[in-house]
Number of protein chains: 2
Amino acid sequence: MLDPIARVRRFNRAVTSEVGALDTSFLGRGRTLGVARVLNAIGHGRSDVADLRDYLALDSGLMSRFLRSLEEEGLVTTKPHPDDARRRIARLTAAGRREFEAYETLSNRQAQAMIARHSQPHALLAAMDMVAAALGRDRIRIDEVDPRDEQARYCLKEYYAELSRRFARGYDVALSRDPDAVDMMAPRGAFFVALSDGLPLGCVGLKGSGGAVAEIKRLWVAPAARGLGVGRRLMDAAEQAARKLSITTLRLDTNSALGEAQQLYRKTGWTEIERFNDDPYPDLFFEKQLR
Amino acid sequence: MLDPIARVRRFNRAVTSEVGALDTSFLGRGRTLGVARVLNAIGHGRSDVADLRDYLALDSGLMSRFLRSLEEEGLVTTKPHPDDARRRIARLTAAGRREFEAYETLSNRQAQAMIARHSQPHALLAAMDMVAAALGRDRIRIDEVDPRDEQARYCLKEYYAELSRRFARGYDVALSRDPDAVDMMAPRGAFFVALSDGLPLGCVGLKGSGGAVAEIKRLWVAPAARGLGVGRRLMDAAEQAARKLSITTLRLDTNSALGEAQQLYRKTGWTEIERFNDDPYPDLFFEKQLR
DNA sequence: AAATATACCTGACTTAAGTCAGGTATCATG
DNA sequence: CATGATACCTGACTTAAGTCAGGTATATTT
């Protein structure tokens, strides 16, 4: 009842009976699950046959047969890879794209129905994000991106929104020292986002000036992803980037209202120092020497 | 990215690839998924062959073969139903129970591993409960129980805990008029819990005195289940029970801090009335006439 | 008591998925 | 340019699941 294990198992039961039905729903368009999965994977941008095989965990023989079957239906064409004629590339035909869209519409409708019935969709979506992040934890990637990218901008927007929720006096970016994008890109600095199956779950910026000292800025982890070690991985990525840029001293400012972040800094070799700027929001300052 | 549909679909992907693997893990004990599922269903208390067939959605022929196979392995015995010799009852042998326990241990370990890796298991479990409740929404049952039952006591404990969180001055049951259990049981009243796959998600008490007036008490819905219409279903059950007991007037007290509940009352035919008791916690009073 | 329905069983079949051993064309390398 | 590796293909096979048409024993109805 209150037993965590029982709760997880209950979740598993709920999910296998409901989401399992979703998988099966790919049927009903006169195609078996195997070929439908291949069609969908191609539609989602996987074209390399080896990649498809790997992604779908299919035997090479089986993969070939599925592709032949899709070709016979006129939904897919294959051609040799321009760089290596042994490899093949699969693409959807116009008819194939229509079929793919039909599957997409079906999945979207199902997803839509699931939230539409709920009268608190925000909470439900947040819960789904959290579960998905925990389940897909091993597939969370840390990617270096331009801080003006869509995914970076999304993270920053969420970061500001969270600060204004958590600071008693609110938060206004204009009052803070918002770093220039170029300071957080090679060759001066770097910007990283954590991605789980395409969804941004966190970010961090390394703001350099060309010298030996750089600052860590904008460390944020989505509420759905807390407890998965994403913050630490982001910080590791930033530190590693700093080392590559020959930076020897890292500094950062933070606010004592952000307890989790502070804990992370203290656990990973940062030491508290004196205030080094006059930004109105931070009240805690840290430094870390990279050797 | 921020698109709700994309988030649901991402959840589905995460879950099918991870939880799907769980299903497959029933293998690895030298048994196919089909027989393993039957063994597990029997272990979980389903003994009637027709019931098993129905639950697992199996053809009668296939079911027979699975049972024969389990009998040959010495894990299951079947015998005719005492009331109807056409029907059969399946039971685990000692060896069968051992095998079943082995599967259970396996599932439990997997569940354990999932939470153990997370550094905020409470939040994760709450999220899983919420998703499970939403997915299993159509299978939420409202059962009448003794208010001293384990499931009822669990709900009441959570109810009190929530009140003390939500009331600025906290909450102490001793100061409130805690109804006697017998007042919330036939023939004076009733008590209902909402159950989703065994997990209690909410409760409500109908406290009668033998007369034509009764009170609604202890309406609570688990945070994980809000937005699914559980509160309304509980209230409907209580009203129906009241009608059966020839009660014509229902009353209740509540606190304006409990906005969702208040909204529900106003939407379902309750009208605000004057204070009718001196309980220190409520500040809002409602009445509903049953015809 | 006869007719009909029900619950389960058996055997023969189909389907989808998956495995495996070659086979062919292409590429990389000494 | 010969050799071996690689990428994909084909055909023959296996496995697990599922379907379907009877069949037997028991229960219910008339």
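Please read all numbers here as calculations on a predicted model, not as lab measurements. Because only heavy atoms are used, hydrogens play no part in the values below, and waters and symmetry mates are left out as well, while side chains stay in.
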Does OP1 or OP2 of [N] have a side-chain N or O of [X] closer than 4.0 Å?
X: A:T32; N: C:dT15; result: no
X: A:R68; N: D:dT10; result: yes
X: B:R87; N: D:dT26; result: no
X: B:R65; N: C:dC9; result: no

Check the distance between [N]'s [atom2] and [X]'s [atom1] and give it to me in whole angstrom.
X: B:D83; N: C:dT6; atom1: CG; atom2: P; answer: 18 Å
X: A:M63; N: D:dT10; atom1: CE; atom2: P; answer: 13 Å
X: A:L58; N: C:dA17; atom1: CG; atom2: P; answer: 10 Å
X: B:L33; N: D:dT15; atom1: CG; atom2: P; answer: 17 Å
X: A:L70; N: C:dA16; atom1: CG; atom2: P; answer: 14 Å
X: B:D59; N: D:dA21; atom1: CG; atom2: C1'; answer: 11 Å
X: B:F66; N: C:dT10; atom1: CZ; atom2: C1'; answer: 15 Å
X: A:K79; N: D:dC8; atom1: NZ; atom2: P; answer: 15 Å

Just compare [options] and give me whichever is closest to any side-chain atom of [X].
X: B:V49; options: C:dC8, C:dA5, D:dC8; value: C:dC8
X: B:R88; options: C:dC9, D:dA5, C:dT19; value: C:dC9
X: A:D84; options: D:dC8, C:dT26, C:dT10; value: C:dT26
X: B:R86; options: D:dT26, C:dT26, C:dC8; value: D:dT26
X: A:R53; options: D:dC9, D:dC8, C:dG18; value: D:dC8

When you measure from the side chain of A:S196 to the backbone of A:L199, do you find a donor-acceptor pair of N or O atoms at a distance under 3.5 Å?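 Between the backbone of A:L199 and the side chain of A:S196 there is no qualifying donor-acceptor contact (under 3.5 Å).
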Ionic contact status for A:D129 with B:R10, cut-off 4.0 Å: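 Result for this pair is yes, salt bridge flagged.
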Any salt bridge between A:R13 and B:D197, counting N to O under 4.0 Å?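 Looking at B:D197 together with A:R13, the answer is yes, because their closest N to O distance falls below 4.0 Å.
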Is it true that B:E71 and B:T77 share a donor-acceptor pair across their side chains at a distance under 3.5 Å?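 Distance-only check fails for B:T77 and B:E71.
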By nearest heavy atom, map B:L67 and A:A85 onto DNA chain C; which one lands nearer the 5' end?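 Nearest-nucleotide comparison on DNA chain C picks B:L67.
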Where each residue is assigned the nucleotide of DNA chain C containing its nearest heavy atom, which of B:I89 and A:L62 is assigned the position nearer the 5′ end?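 With B:I89 and A:L62 compared, the 5'-side residue is B:I89.
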Using a 4.5 Å cut-off on heavy atoms from C-beta on, say whether the side chain of A:I140 contacts that of A:L195.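 They are not in contact (no side-chain heavy atoms under 4.5 Å apart), so the answer is no.
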